[in-house]
Amino acid sequence: MPVEKINPVGLTRPVGYHHVTVSTGTRTICVAGQTAHNVDGEVVGLGDLATQIEQTYANVVTALEGAGATFADVAKLTMYVVGWSVDQLPALSDGIGRAAARLQIDPRSALTLVGVQALVEPDLLVEIEAVAGLP
């Protein structure tokens, strides 16, 4: 596997992500921000952050597969959440957990979560970008 996930001594022990990933591959795959659209372009989970996160992870996996990669190859995720506040943490955790179970993935990677005012469409609550490495 071309991606090593580590949590260096001296940093807090993270829950749900890794502080550092090291990609040793020679191909880099950049997945543009994926959202909670289904294949027909409809938003899945209107007003439901957990459901939108689950669908968004599914779309990231589909995009990676299109490039010949898997979620295990992910070196970095950036997640944008509309109106982020700490009270959304249970929905975030639920959505990631459901995605992991449905997609049979380990969702932990280097992850940055960014709270934003809005996304490209008003019904979207989350967008996820991914960077992966392949040999």
Side-chain angles (χ1 to χ4, degrees):
M1 181 161 65
V3 177
E4 177 187 8
K5 300 173 182 182
I6 59 175
N7 291 307
V9 173
L11 296 176
T12 60
R13 186 80 180 151
V15 176
Y17 69 98
H18 294 279
H19 282 294
V20 178
T21 56
V22 179
S23 178
T24 57
T26 58
R27 288 182 57 213
T28 301
I29 299 165
C30 297
V31 176
Q34 297 299 300
T35 59
H37 289 100
N38 65 19
V39 71
D40 297 320
E42 301 161 335
V43 176
V44 174
L46 291 175
D48 183 344
L49 180 60
T51 299
Q52 287 201 15
I53 288 172
E54 180 182 2
Q55 180 63 43
T56 302
Y57 268 86
N59 291 346
V60 168
V61 167
T62 299
L64 289 165
E65 288 172 351
T70 69
F71 200 84
D73 300 312
V74 170
K76 173 79 170 86
L77 294 173
T78 304
M79 180 182 293
Y80 303 93
V81 179
V82 173
W84 174 255
S85 66
V86 72
D87 64 316
Q88 293 173 298
L89 193 54
L92 175 91
S93 296
D94 182 42
I96 293 172
R98 288 171 21 195
R102 172 179 158 195
L103 302 166
Q104 297 298 296
I105 60 170
D106 178 351
R108 295 171 297 167
S109 184
L111 170 67
T112 299
L113 189 150
V114 180
V116 296
Q117 182 177 355
L119 294 170
V120 69
E121 294 177 25
D123 291 332
L124 295 173
L125 301 175
V126 64
E127 184 169 330
I128 300 174
E129 298 174 333
V131 178
L134 288 178

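If you read the sequence from its start, that first residue is 1, and numbering goes on from there.
Nearest approach of Arg102 to Ala58, heavy atoms of both residues: NH2-CB, 3.7 Å. When all heavy atoms of Ala110 and Ala75 are compared, the pair lying nearest together is CB-O, 3.5 Å. The minimum heavy-atom distance between Asp40 and Asn38, with the atom names listed, is N-OD1, 2.9 Å. The two atoms that bring Leu134 and Ala67 nearest to each other are CD1-O, 3.9 Å, heavy atoms only.
Counting only residues at least two apart or in different chains, salt bridge (charged side-chain N to carboxylate O under 4.0 Å, His left out) contacts with residues 120-135 are absent. Here ring pair (Phe, Tyr, Trp, His ring centres under 6.0 Å) pairs that include residues 39-58, with residues two or more places apart or in two chains, are Tyr57-Phe71. Within the structure, salt bridge (charged side-chain N to carboxylate O under 4.0 Å, His left out) pairs that include any residue of residues 88-101 comprise Glu54-Arg98, Asp94-Arg98 (at least two apart or interchain).
For Thr62, the side-chain contact (heavy atoms from CB on, under 4.5 Å) criterion is met by no residue, not counting sequence neighbours. Residues satisfying the salt bridge (Lys or Arg N to Asp or Glu O under 4.0 Å) test with Asp48, not counting sequence neighbours, are none. Listed by chain and number, the residues in a side-chain contact (heavy atoms from CB on, under 4.5 Å) with Val31 are Ile29, Gln34, Ala63, Leu64, Ala130 (sequence neighbours excluded). Applying the side-chain contact (heavy atoms from CB on, under 4.5 Å) rule to Leu111 yields the partners Tyr17, Leu77, Met79; only residues at least two apart in sequence or on another chain are considered. Checked against salt bridge (Lys or Arg N to Asp or Glu O under 4.0 Å), Arg108 has the following partners two or more places apart in sequence or in another chain: Asp106. Looking at residues two or more places apart in sequence or on another chain, you find no side-chain hydrogen bond (donor to acceptor under 3.5 Å, both in side chains) involving Ser93. Every residue meeting the side-chain hydrogen bond (donor to acceptor under 3.5 Å, both in side chains) condition with Gln55, not counting sequence neighbours, appears here in chain and number order: Asn59. Applying the side-chain contact (heavy atoms from CB on, under 4.5 Å) test to Gln117 and every residue at least two apart in sequence or in another chain returns nothing.
Residues Val131 and Val74 are members of separate hydrophobic clusters, defined by side-chain heavy-atom contacts under 4.5 angstrom among Ile, Leu, Val, Met, Phe, Trp and Tyr.
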Going through the checks in order, is the side chain to side chain contact (heavy atoms under 4.5 Å, CB included) test met by Leu89 and Trp84? CA-CA 9 Å; Leu89 193 54; Trp84 174 255; 4.2 Å; yes
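Annotation: the span from Ile53 atom CD1 to Ile128 atom CD1 amounts to 6.5 Å, rounded to 0.5 Å. Rounded to the nearest 0.5 Å, atoms CG (Asp73) and CD (Glu65) are 11.0 Å apart.
No option in Thr51, Thr56, Thr35 other than Thr51 meets the side chain to side chain contact (heavy atoms under 4.5 Å, CB included) test with Val44.
The other residues sharing a hydrophobic cluster with Val114 are Val43, Leu46, Tyr80, Val82, Val116, Leu119, Val120, Leu124, where clustering joins ILVMFWY side chains under 4.5 Å apart.
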